[in-house]
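Worksheet for the structure shown next.
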Amino acid sequence: MDKLILLLGVSVLTSLLSEAFAQTDLTGKVFVFPRESDSNYVKLIPRLEKPLENFTLCFRAYSDLSRHHSLFSYSTKGRDNELLVYKTEVGEYQLFIGHSKVTVRGLEELASPVHFCTSWESSSGIAEFWVNGKPWVKKGLQQGYVIKVQPIIVLGQEQDTYGGGFDKSQSFVGEIGDLNMWDSVLTPQDIKLMYHGSTLAPNILDWKNLTYNINGYVVIKPCVWLDYD
Ligand SMILES: *[C@@H]1O[C@H](CO)[C@@H](O)[C@H](O)[C@H]1NC(C)=O
Ligand SMILES: *[C@@H]1O[C@H](CO)[C@@H](O)[C@H](O)[C@H]1NC(C)=O
């Protein structure tokens, strides 16, 4: 009897685990967030042990939202905006690090696919922004800070608590793909390569080997708005 219960327990646990976390090569695919909600999101599991002194984050997004929305929400215990990329309006993004923020503006069209990269270096505090391979104005924040680890990383929603506190009016509706993160600041040449579809062995989040967990109504589909060849 005990043995049977144990066996049942193990098999339920195994199926729960295998359902809960997929590890996949998502090359040529996107996460589609088809409806506004406060419950549809994807959790990304990073390979990250040491606090972050430097990073680069790149992704592609396609959305026809004109209201503000979250693009990448990284929170740690007790710090909801440890690292957040937030789009306030067309042509305006905010980067939060350790709850401080900078705002950057540039030319952009509504409802056109965007390749977005941002990087930050603790020693100078300099944050760089690259939109469709072009540099936007550099800003500076949190010089000397170190980004805490054991994050919960969420796409589709903005965290106001560790792993929750979602608000429909900040949710993302649209498609996200090619998301990669490194623990270093990429060179302008590398950013251009990424924009043109190369990948440079990302060590924190790797779209070619992504560990993630879909919650609610999020669907994986081929990316039809890019040529990957
Ligand atoms: C972060 O970048 C700075 C300068 O760009 C470098 O000196 C430092 O070693 C880097 N830190 C890590 C942990 O790689
Ligand atoms: C994918 O990532 C896991 C760790 O998260 C690693 O063990 C594995 O070697 C990686 N596979 C490839 C093809 O890089």
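One-based numbering, in listed order, for ligands and for the atoms of each.
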Item to complete: Could you check atom 4 (C) of ligand 1 against the protein and tell me its nearest heavy-atom contact, residue, atom and distance included?
Response: E121 OE2, 3.9 Å
Worksheet item: Looking only at heavy atoms, what is the nearest atom pair of D25 and K29, with distance?
Response: O-NZ, 4.5 Å
Discussion item. Give the atom numbers and elements of ligand 1 that come within less than 4.0 Å of a heavy atom of E53.
Written reply: 8 (C), 10 (C), 11 (N), 12 (C), 13 (C)
Worksheet entry | Test of ring centre spacing under 6.0 Å for F72 and F59 | no
Worksheet item: Does T211, backbone or side chain, put an N or O under 3.5 Å from an N or O of ligand 2?
Response: no
Discussion item. Could you walk me through whether S75 and E82 satisfy the side chain to side chain contact (heavy atoms under 4.5 Å, CB included) test, starting with their C-alpha distance in whole Å, then the side-chain angles of each, then the deciding distance to 0.1 Å, before giving a yes or no?
Written reply: CA-CA 5 Å; S75 83; E82 185 67 2; 5.5 Å; no
Worksheet item: With ring centroids as reference points, do Y212 and W207 lie under 6.0 angstrom apart?
Response: no
Discussion item. With the threshold set strictly below 4.0 angstrom, can you tell me whether any protein non-hydrogen atom sits that near atom 7 (O) of ligand 1?
Written reply: no
Response to the item:
In short, W136 meets V104 closest at the heavy-atom pair CB-CG2, 3.9 Å
Response to the item:
Q23 heavy atoms within 4.0 Å reach ligand 2 at atoms 1 (C), 2 (O), 3 (C), 4 (C), 5 (O)
Worksheet entry | Test of ring centre spacing under 6.0 Å for Y93 and F129 | no
Worksheet item: Tell me, which protein residue and heavy-atom name are nearest atom 13 (C) of ligand 2, and how many Å apart are they?
Response: N209 ND2, 4.2 Å
Item to complete: With heavy atoms under 4.0 Å as the rule, classify the contact between K208 and ligand 2 as side chain, backbone, both or neither.
Response: neither
Worksheet entry | The one among L52, N54, I126 that brings a heavy atom closest to atom 11 (N) of ligand 1 | N54
